[in-house]
Amino acid sequence: MNNAVNPNVTEETAGYDPSQVELKWQDAWRDRDINTTDVANAPDPFYALMMFPYPSAEGLHVGNLFAFVGNDIYGRFQRLQGHNVFEPLGYDAFGIHSENYALKVGKHPMDLIPQNIANFRRQLERAGLMVDWSKSLSTTDPDYYKWTQWVFLQLLKQGLAYKKQAAVNWCPSCKTVLANEQVIGGACERCDTPVEQRFLSQWFFRISDYAQRLLANLDTLDWSETTKTAQRNWIGRSEGAEISFVAKRNGEEHEIRVFTTRPDTVFGATYLVIAPEHPLVARLTGALYKSAVDQYVARSTKQDLVSRKTTTEKTGVFTGAFAINPATGQEIPIWISDYVLMDYGTGAIMAVPGHDERDFEFAKVFGLPIVRVVCGEGEEPTTPLETAFTENERGVIVNSGRFDGMTVATAKREIITMLQEKGAGKSFVNYRLHDWCISRQRYWGPPIPIIYCDEHGAVPVPEKDLPVLLPHVDDFKPDDSGVSPLARHEDWYRVPCPECGRMARRETDVSDTFLDSAWYFLRYPSVGIDEVPFDASLTQKWLPVDSYIGGNEHAVLHLLYSRFITMVLHDMGFLTFEEPFTRFRAHGLIIRNGAKMSKSRGNVVIPDHYIEKWGADAFRTYLMFLGPFEEGGDFRDASISGVKRFLDRLWASVNAMGDGQGDPEVIRKLHQTIRKVGEDIPKLSYNTAIAAMMEYMNALRRGERTPVRAEVEPLVQLVSPFAPHIAEELWQKLGYNDSVFNSKWPQYDAALASEEKIELVVQVNGKTRGKLSVARDIEQDAAVSAAMGDPAIAKFVTAEPRKIIFVPGRLLNIVV
RNA sequence: GCGAGAGUGGCGGAACUGGUAGACGCGCUGGACUUAGGAUCCAGUGGAGCAAUCCGUGGGGGUUCGAGUCCCCCCUUUCGCACCA
């Protein structure tokens, strides 16, 4: 191994065989445990986390690798800064993808997953990641999901897990429950049949209780702004009022509560609309209207969600009932329409057709009264409304009794006060965020640890009895019963009640994959510890995560769920922090030759092929060079040769290296490069960092000179996070026995890194007419006379200058 | 429809708080070395023009000594969410 390079070769780049060098160092790193973090004793911990992959049968996707390499560079850089970096990686191996794939190929997921994981592991190691494999995990390990079940029990204990009837997506053709990700545009992804709703009793987590905290904390996090915005939109806070309308029917009073962001328009509410699923539908419907209502409700709840989601044509039916508008005292009709959604607000609205587009459309279709209660500029209270007037910035309230003349903002406050005094309303903040349904009527997940007893109801499995093992069953295919395949295995689900010992029945649903991934980062430092999910002192040392990198596709759900679980565990005293990820950056997507990669297009990049041909170092560096990390970029095969050439030249430079002082200009450039690369990596601006190193390489080679040690040695360190193997090999050639990753990142000399001579741009009337090589600190007068001394510039100065703009060290603009 | 982003050479992409547009790389052109070269090395490479010079960052206005960058309008495009009251 030590004779990898033949000293007699004449060609400078001879001896650089990437696969030989890379395999040599991958072995050496493993033998020397160089990537293993001593988690218990690290004085200066840095937790560099990447989103763990789903280990598909196809193997590692180049998109995964792009993300991992980006994280690896950051992690290696932090290590060179002197931190003890922990870079773990596991597998998110439960879930619908694995299950469906297993069904497709007719194998069992319990057999497939270990194979896939082994293949992923091989690919990841070949890519040269600084992963601490001693702390790896898979969500499918009983040692892991035991604690996923424990998390569920903690939420249950806190009253944050509850059961209720809820709709699931049901494909009438496949006769099975579908996960949300299997529903594409309201239709089944496999057979394209419109999806129906079925109602099942399911477990939910009360994430909506945490909506305000999840929203407010965002301001404290160092996250990509786009990700924060996505979370804010998902939480969907809106301020307004809840208003009660009272309906009378058969001598009974029914209160219909609505949520509105426009309480100022309550005088214009000319009818109410409730969702077809609204609990009051039956009681409000009059005998005469019953058949029409039943028909409408049946059609809109059972019928395909496709038409409901894609059409905006308003449909509806009158209930026959009326309610009192608490502001006007008038009776207004109550309608049912599917444009009102049961799962937002209260499932009922006050319709103000004059000032809401949807209400306006509906009123037009059914001939309902439209009343103006807000005037824009130049409009009278009697000006007819051709469309809904929704612009409220400069609106003035009209036709609203004593509130006339108020601005919209004032009226909002005043009308809420009025309603409150009448006991008919209050200000209210509504969130779009729904409680998290974690039940899945599937096989491939952790069984929800609950036992149903006739006597005691839903009894949690005692913690000492965890894990509830997922049994190996052959018929794991979902069927048309609408319950989990586990429900077909009586020998598994029949168990004694933990409370009374009488025969009872296990919950046969499994939990959502998102629950598996909502706490895995807590587990990594404690992998191998059996007694607790996460050791208190290790957790204290390593968390919250210093840097988290992952895809934007998880910007909303995964991150929100992780934050929620962390908050709950914090509130229970298990954690000292309530936000799990101090810094988060979303990486971009890679496309291929300008198009999205997909199997059907046949343009998927298989990392193995490229690593074999170019080496992991060149492939990694190219991935980081093809575009800004946070934006992604276009993968083009032809471009890899550029970074390979760069690495070849690096190899050649070190091999040809001489002794001596080094050229002052080259050394100056070196210090500039050290500064630039050190500034770019923390910004994840990897593409420009690589460009800077290439630029330095060009300077190093200019004039067919032989570089000296002082010029090349620091460059090896700068390159090392990107191309770790070649750097390690060259570091050894430079005479070091220890790993380059145990060295210290080179320091730059600030004075050297800044130029003393600068190119001063000279403009005349804003147009660049020349440039002068002058001292950095040149004064304005000297600059002007230097400029006028240059005939190429002076000839444009055709008159006495009217004005001189001088930006020291940068630019001179002579205005004539 | 709403929200977030993006439009720069033949291509991928650079450009700090407004201050040389096109760094770096690919490709291309010419040359060197070669039996050969999809290797390596050197030089050139936004467009027009012999040149001086002019024109150039999706389109149109504007602010400024100066705009890829800031403001207004429009077009195209990617990604989310989609009747959210």
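Proteins get letters first, then strands, A, B, ... in listed order; numbering begins at 1 in each.
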### Query
Looking at the side chain of Arg636(A), which of G12(B), C65(B), A14(B) is the nearest nucleotide?
G12(B)

## Note on the structure
When rounded to whole Å, the CG to C1' distance for the pair Asn552(A) and G3(B) reads 14 Å

### Summary
Here the distance between atom P of C83(B) and atom CZ of Phe259(A), to the nearest Å, is 17 Å

### Query
If you measure from the Lys or Arg side-chain nitrogens to the Asp or Glu carboxylate oxygens, is any gap between Lys364(A) and Glu361(A) under 4.0 Å?
no

### Task
Tell me, please, which residues at least two apart from Phe362(A) pass ring pair (Phe, Tyr, Trp, His ring centres under 6.0 Å).
Tyr271(A), Trp335(A), Tyr339(A), Phe366(A)

### Task
Please list, chain by chain and in numerical order, all residues satisfying side chain to side chain donor-acceptor pair (under 3.5 Å) with Ser639(A), sequence neighbours excluded.
none

### Task
Using the side chain to side chain donor-acceptor pair (under 3.5 Å) rule, collect all pairs that involve residues 623-636 of chain A, keeping only residues at least two apart or in two chains.
Asp634(A)-Arg636(A)

### Task
Flag the pair Glu695(A) and Lys669(A) as a salt bridge only when some basic side-chain nitrogen lies within less than 4.0 angstrom of an acidic carboxylate oxygen.
yes

### Message
If I take atom CD in residue Glu630(A) and atom P in nucleotide U78(B), what distance separates them, rounded to the nearest angstrom?
### Response
23 Å

### Query
Expressed in whole Å, how much space separates the P atoms belonging to G25(B) and A43(B)?
12 Å

#### Entry: Leu560(A) CG to G80(B) P, straight-line distance once rounded to whole Å
18 Å

## Note on the structure
5' to 3', nucleotides 15-24 of chain B under a 4.0 Å protein heavy-atom cut-off (B base, S sugar-phosphate only, - none) gives -B--BBS-BB

### Query
Can you check G31(B) for me, syn or anti if syn means within 90° of 0?
anti

### Task
For C11(B) and C74(B), measure between their C1' atoms and round to the nearest Å.
29 Å

### Query
Would you call Asp219(A)-Arg232(A) a salt bridge at under 4.0 Å N-O?
yes

### Message
Using a strict threshold of under 4.0 Å (side-chain N to carboxylate O), is an ion pair present between Arg802(A) and Glu800(A)?
### Response
no

### Query
Taking atom OG of Ser208(A) and atom CZ of Arg432(A), what is their separation to the nearest 0.5 Å?
14.0 Å

### Query
Taking atom P in both C33(B) and A21(B), what distance in whole Å separates the two?
39 Å

### Task
Grab the CE-P distance between Met342(A) and C83(B) for me, whole Å please.
16 Å

Scan nucleotides 4-7 of chain B against the protein and return all N/O pairs shorter than 3.5 Å with their distances rounded to 0.1 Å.
none

## Note on the structure
One should read off an interatomic distance between Thr270(A) OG1 and Leu368(A) CG, to the nearest 0.5 angstrom, of 6.5 Å

### Task
In whole angstrom, give the distance that lies between atom OH of Tyr344(A) and atom P of A82(B).
13 Å

### Task
For Leu557(A), enumerate each residue passing the side chain to side chain contact (heavy atoms under 4.5 Å, CB included) test, keeping only those at least two apart in sequence or located in another chain.
Trp234(A), Phe514(A), Tyr561(A)

### Query
Can you list the stems that include RNA chain B, where a stem is three or more consecutive Watson-Crick or G-U pairs with distances under 3.5 Å?
B:1-7 with B:75-81, B:10-12 with B:24-26, B:27-32 with B:40-45, B:46-48 with B:53-55, B:58-62 with B:70-74

### Query
Using atom C1' of each nucleotide, how far apart are U45(B) and G10(B) to the nearest Å?
11 Å

### Message
Give me the distance, rounded to whole Å, that separates C72(B) from A82(B) when you measure between the C1' atoms they each carry.
### Response
29 Å

### Message
Suppose the criterion is salt bridge (Lys or Arg N to Asp or Glu O under 4.0 Å): which pairs have a residue in residues 256-270 of chain A, not counting sequence neighbours?
### Response
Glu242(A)-Arg257(A), Arg262(A)-Asp264(A)

### Task
Using distance alone, with no hydrogens and no angle criterion, decide if Thr226(A) and Thr229(A) have a side-chain donor and acceptor under 3.5 Å apart.
no

### Message
Side-chain N or O of Arg645(A) versus OP1/OP2 of U40(B): is the shortest distance under 4.0 Å?
### Response
yes

### Summary
Per the under-4.0 Å heavy-atom filter, residues of residues 236-244 of chain A near RNA chain B come out as none

### Query
Is it the case that Gln212(A) and Tyr431(A) place a side-chain donor and acceptor less than 3.5 Å from each other?
yes

## Note on the structure
Atom CZ of Phe635(A) and atom P of C26(B) are separated, to the nearest Å, by 15 Å

### Query
Quick one: is Lys767(A) getting a side-chain N or O under 4.0 Å of the C55(B) phosphate, OP1 or OP2?
yes

### Task
For Arg232(A), report the nucleic acid contact type (base, sugar-phosphate, nothing); a contact means any heavy atom under 4.0 Å.
nothing

### Message
At less than 4.0 Å, is any side-chain N or O atom of Arg432(A) found next to OP1 or OP2 of A85(B)? Yes or no.
### Response
no

### Short N-O contact, Arg675(A) and Asp680(A), less than 4.0 angstrom
no

### Message
Suppose you measure atom C1' in A6(B) against the same atom in A52(B); what distance do you get, rounded to whole Å?
### Response
39 Å

### Query
Under the salt bridge (Lys or Arg N to Asp or Glu O under 4.0 Å) rule, what pairs show up with a residue in residues 806-816 of chain A, not counting sequence neighbours?
none

### Query
Given the C1' atoms of G13(B) and U17(B), what is the spacing between them in whole Å?
23 Å

### Query
Do Asp17(A) and Ser19(A) have side-chain atoms, one donor and one acceptor, less than 3.5 Å apart?
yes

### Summary
Here the side chain to side chain donor-acceptor pair (under 3.5 Å) pairs for residues 617-627 of chain A, sequence neighbours left out, are Asp72(A)-Arg620(A), Asp617(A)-His725(A)

### Task
Remember a base hit wins even if backbone is also touched, and classify Ala230(A) as base, sugar-phosphate or nothing at under 4.0 Å, heavy atoms.
nothing

### Query
When the P atoms of C65(B) and C2(B) are considered, how many whole Å apart are they?
37 Å

#### Entry: Sugar-phosphate, base or nothing in reach of Ile349(A), heavy atoms under 4.0 Å
base

### Task
Grab the CZ-C1' distance between Phe245(A) and A85(B) for me, whole Å please.
12 Å

### Task
Output the distance between atom OH (Tyr686(A)) and atom CZ (Phe722(A)), rounded to the nearest 0.5 Å.
7.0 Å

Using a cut-off of under 3.5 Å, enumerate the N/O to N/O pairs linking the protein to nucleotides 48-53 of chain B.
unit_1: A52(B); atom_1: O3'; unit_2: Lys795(A); atom_2: NZ; d: 3.4
unit_1: U53(B); atom_1: OP1; unit_2: Lys795(A); atom_2: NZ; d: 3.0

### Message
Assuming nearest nucleotide by heavy-atom distance, tell me which of Ile640(A) and Gly632(A) is located more 5' along RNA chain B.
### Response
Gly632(A)

